[in-house]
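Every chain is numbered from 1 and lettered A, B, ... according to where its sequence line falls, protein lines coming before strand lines. No hydrogens, no waters, no symmetry mates; every other heavy atom, side chains included, goes into these values.
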Protein chains: 2
Amino acid sequence: MIRDASGMLNAYSGDGAVDEMTETLIRRRQSLLGPAYRLFYERPIHMVRGEGPWLFDASGERYLDAYNNVVSVGHCHPHIVDAIARQAAVLNTHTRYLGDSILDYAERILATMPDALGNIMFTCTGSEANDLALRVARHCTDRKGVIVTQLAYHGVTQAVSEVSPSLGFGGERPPHVRTIAAPDTYRLEGDIAELLAAQTRQAVAELEAAGYGVAALMCDTIFSSDGVFTTRGLLSGAAAAVQAAGGLYIADEVQAGFGRTGENMWGFARHGVTPDIVTMGKPMGNGHPVAAAIMRPELLAQFGERARYFNTFGGNTVSCAAAAATLDVIEQEGLPANADKVGAYFRQRLQTLMTRHDCIGDVRGAGLFLGLELVSARDGKIPNATLASRVVNGMRDKRILISTTGIHGNVLKIRPPLIWQQEHVDMFVDSLDSLLKDLAR
Amino acid sequence: MIRDASGMLNAYSGDGAVDEMTETLIRRRQSLLGPAYRLFYERPIHMVRGEGPWLFDASGERYLDAYNNVVSVGHCHPHIVDAIARQAAVLNTHTRYLGDSILDYAERILATMPDALGNIMFTCTGSEANDLALRVARHCTDRKGVIVTQLAYHGVTQAVSEVSPSLGFGGERPPHVRTIAAPDTYRLEGDIAELLAAQTRQAVAELEAAGYGVAALMCDTIFSSDGVFTTRGLLSGAAAAVQAAGGLYIADEVQAGFGRTGENMWGFARHGVTPDIVTMGKPMGNGHPVAAAIMRPELLAQFGERARYFNTFGGNTVSCAAAAATLDVIEQEGLPANADKVGAYFRQRLQTLMTRHDCIGDVRGAGLFLGLELVSARDGKIPNATLASRVVNGMRDKRILISTTGIHGNVLKIRPPLIWQQEHVDMFVDSLDSLLKDLAR
């Protein structure tokens, strides 16, 4: 069994940890898809069905999904399934014909944004939305430099992989990219927002000195791959610093958006800033490939002067139906408020667990995006990535799905569907409690 | 009415050419989506329904679709609609769990490829597939230079827009990009394949001298945006030249793939070459956002050593269901053979039209991808873009959908669904005949 640093399965060596059918699937997969694909867990799961907060494997076992933020309103929500099926049967076409569904959706989603953000462009993936945001930022500033956090992830196109340190930069940081610290509220002391602002000013100066200038600061507003940091206001100084230098602040809401962080639809609201561009993706269509970049019309006016952009599938009629239906459910089921309420209960129960388990160093969260820091000693806050990997795999064996994140690989990343209720939290916390007891033996 | 060079509507000035409802939609659209979005036709169409080869507008008028290559097996084909609806109701999840549908599809599609091309990676759009192909090519060659044709289009991410001269390079050709001629079989004389090969060798030398080296030659195998050139073997020398220089030949099949060019599933087969990477998209899921890059496993082995790639929606269970159902229809309805047969009839009827209309300079095509060159004089082959724009808009008024392409903007681009029969060809040709007569008056 060969695992990479994040505990994901890379290649299977046939050591008998999984049954024969699973091993056959893994071997077929390696042979057909090649080595760039990773599997979750030491014993990967063959999923065949999803329903609400649950996933089911090929043998009928049920798993509590505490990880998949794409299916934000629950697996196979009938309202969205129906909307996709109905629209796919009537018309699936692109934006070079007129249609009203794209405009109706645009109005609804723009109404959730600050007034200054008045235009939306549709893509299919968060990567494409971030890539477009960078293109617009570079076009409008006539500069190339980008500032991101230490272990940021913004996607897989060439341009956004270059500003995604979590992908390893292919060995070397590109010269037009600068990083600021992950806002590690657990370990850093003092005013972290001011620290980020100071580092942003320094990065701007370096990019200017190197002749690139600063096009943008791009930040995931919940710092998912940096380790999930949820303190309010962390980005206020950094965003102001980049805007003062004539660069754009791009809020990457692919992870935090659509009510996940609780009372607000968007993570940037928790930082008290107004972005120049907001990107969104994963949960936008509850699994259907739809994403978008929302921005100030002045930027698009400039971009539109010389550049053309047509995304064949972006904003097509079926994508818009999926996105509108997802927004219906978020609104009708009051999911931001639910995320807020259930998330608060979740954090409180996890904090109670800290009294029984010394290995829990910190519990963080906003709404239903939580991070739980595992340490080998609370004194010194020494990260314990080995334990984190054991917990992820141990929870999998208890049929609860999570993963790890963070600079040290020791933070449990917990992002259940926003429909979770207290009973799901209890199931999760009781299982984690029992697992940590077992692992401590 | 402000149109761009290709005859697409840019901004609507309210000159009364469209009815009030249409004008309202156009104004809402400009205000919400901004200026980067373009509409087809001087009088844009509000589409509300699709069925087989037909589209229907809001007033119930029926249009013959001779343009949309995405819905390659026909609008709203029930087999694909059912597959999407069924899978969306059961499970829509990503590739970090095991599943067999992605592997079954991978086996089927890889079986249509040369043996050397043994791995597939899934994305959501052709742009993402081409972007990934470039990432792999640059990683494996440790070089940056790319060679493309004169007016190539490969997509909208930053990296692929840089190798898409048809988007205008934002003003200036990037220094790591070189172009070779569009293989204009109508105007160029002599051995065009050898001309492209010689220009490729020259471009390789220039890229090496500039310190970039050559990572890849990327070519649309039917040269859609260059003007639709369909002579066999055009790419054989150029592909060999780049491979001899240690670069990769990337066949962009986003336009030509999946049987559109007739007897073969893939356009590169008509050139007698074996690509290192093949990319595909648009018709892969008949409108559902699914795309892929197929490549030599040795390349992915190298890429996988340092790079990671995870596309959240790429190859998800619903995408695979859509792609598999589309492939079912292509196979069961024998669409490549139909494209071959109906395409041959189509070309023959258009060629007959040449005897009556001097403005038709050339008729080209492979399967159901046709190009018709409009000239102001056959002597001198003088391109007539104004006429082409008039024909596109005139055909729209006769409720037949086409567009223009090519370096001179004078080539009618004709790409109907592969289910067309002779009756649709007759309807098209009779309408064009009558329109050209009217316009000649």
Which region of [X], side chain (C-beta onward) or backbone (N, CA, C, O), has a non-hydrogen atom less than 4.5 Å from a non-hydrogen atom of chain B, or is it both or neither?
{"X": "Y105(A)", "result": "neither"}
{"X": "E305(A)", "result": "neither"}
{"X": "V71(A)", "result": "side chain"}
{"X": "N69(A)", "result": "neither"}
{"X": "F169(A)", "result": "neither"}
{"X": "L110(A)", "result": "side chain"}

#### Entry: Test item: side-chain donor near acceptor, S127(B) and E128(A), under 3.5 Å
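No, E128(A) and S127(B) have no side-chain donor paired with an acceptor closer than 3.5 Å.
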Using a cut-off of under 4.5 Å on heavy-atom pairs, state which of [options] scores highest against chain B.
{"options": "H77(A), H75(A), M121(A)", "answer": "M121(A)"}
{"options": "N68(A), L25(A), D131(A)", "answer": "D131(A)"}
{"options": "T317(A), I294(A), V48(A), D82(A)", "answer": "V48(A)"}
{"options": "G34(A), A85(A), C124(A), G287(A)", "answer": "G287(A)"}

Just so I know, are the side chains of [X] and [Y] near enough to count as touching, which here means a heavy-atom distance under 4.5 Å?
{"X": "L33(A)", "Y": "T95(B)", "result": "no"}
{"X": "V70(B)", "Y": "H94(A)", "result": "no"}
{"X": "L39(A)", "Y": "L98(B)", "result": "yes"}

Side chain, backbone, both or neither of [X] within contact of chain A (heavy atoms, under 4.5 Å):
{"X": "Y153(B)", "result": "side chain"}
{"X": "R86(B)", "result": "neither"}
{"X": "D100(B)", "result": "both"}
{"X": "E51(B)", "result": "neither"}
{"X": "P289(B)", "result": "both"}

### Task
Specify whether Y97(B) and Y41(A) have parallel, tilted or perpendicular ring planes, treating 30° as the upper limit for parallel and 60° as the lower limit for perpendicular.
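Taking Y41(A) first and then Y97(B), their aromatic rings lie parallel (interplane angle under 30°).
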### Query
Backbone N or O of V156(B) within a donor-acceptor pair of the R135(A) side chain at under 3.5 Å?
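Pair found, side chain donor or acceptor close to backbone of V156(B).
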Work out which heavy atom in [X] is nearest to a heavy atom in [Y]; give both atom names and the distance.
{"X": "S31(B)", "Y": "N119(A)", "result": "O-ND2, 2.8 Å"}
{"X": "F303(B)", "Y": "A36(A)", "result": "CD2-CB, 4.5 Å"}
{"X": "R308(B)", "Y": "S166(A)", "result": "NH1-O, 4.2 Å"}
{"X": "R38(A)", "Y": "R96(B)", "result": "O-CG, 3.2 Å"}

### Query
How far apart are the C-alpha atoms of N316(A) and H288(B), what are their side-chain angles, what is the distance that settles it, and do they pass the side-chain contact (heavy atoms from CB on, under 4.5 Å) test?
CA-CA 9 Å; N316(A) 73 17; H288(B) 188 88; over 6 Å; no
#### Entry: Stepwise side-chain contact (heavy atoms from CB on, under 4.5 Å) check, I102(B) with R28(A)
CA-CA 10 Å; I102(B) 190 174; R28(A) 275 180 78 198; over 6 Å; no
